[in-house]
Amino acid sequence: MRVTEGLGAVLADLLDHPITSASNRVFTVMRHIDFLCHLTTRATGEAHFGLVYDHADAAAQAVVEPLSRAAAHLGRAAAHYTLALAPSLPCARPTRRARSSSNWTRSMSSPS
């Protein structure tokens, strides 16, 4: 899959799976971050591969320029999604173990 095809697939997924319900919010945000990080790595790797030689010609540099810009924008998008992750964590339901330990903590701290 080329980077442009991957970008189209990720954009389609981002639009098809909005971050709405609290039950799957963390999973969806993590999934979007994973996709964006994968695309960023892919674009960066292809740009690096295009400039792997010390004497890259103008044609190679012309191919690498959009990949470099795409990697910067994708990295910025991943950073924005990472910022959205922190507020979505308290909305996630605690696990059964976390609930039982917090009940235990409350019962131990309350005066009898």
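Predicted model, so just to flag it, every value in this text is computed and none were measured.
Between the CG atom of L39 and the CZ atom of R42 there is a distance of 8.5 Å, given to the nearest 0.5 Å. Rounded to the nearest 0.5 Å, atoms NE2 (H73) and OG (S68) are 11.0 Å apart. Atom NE2 of H80 sits about 14.5 Å away from atom CG of L85, to the nearest 0.5 Å.
Between L36 and L74, the closest heavy-atom pair is CD2-CD2, 3.9 Å. Heavy atoms only, all atoms of each residue included: Y81 and V29 are closest at O-CG1, 3.6 Å. Looking at every heavy atom in both residues, T40 comes nearest to T44 through O-OG1, 2.8 Å.
Between H32 and D13 there is a side-chain heavy-atom pair separated by less than 4.5 Å.
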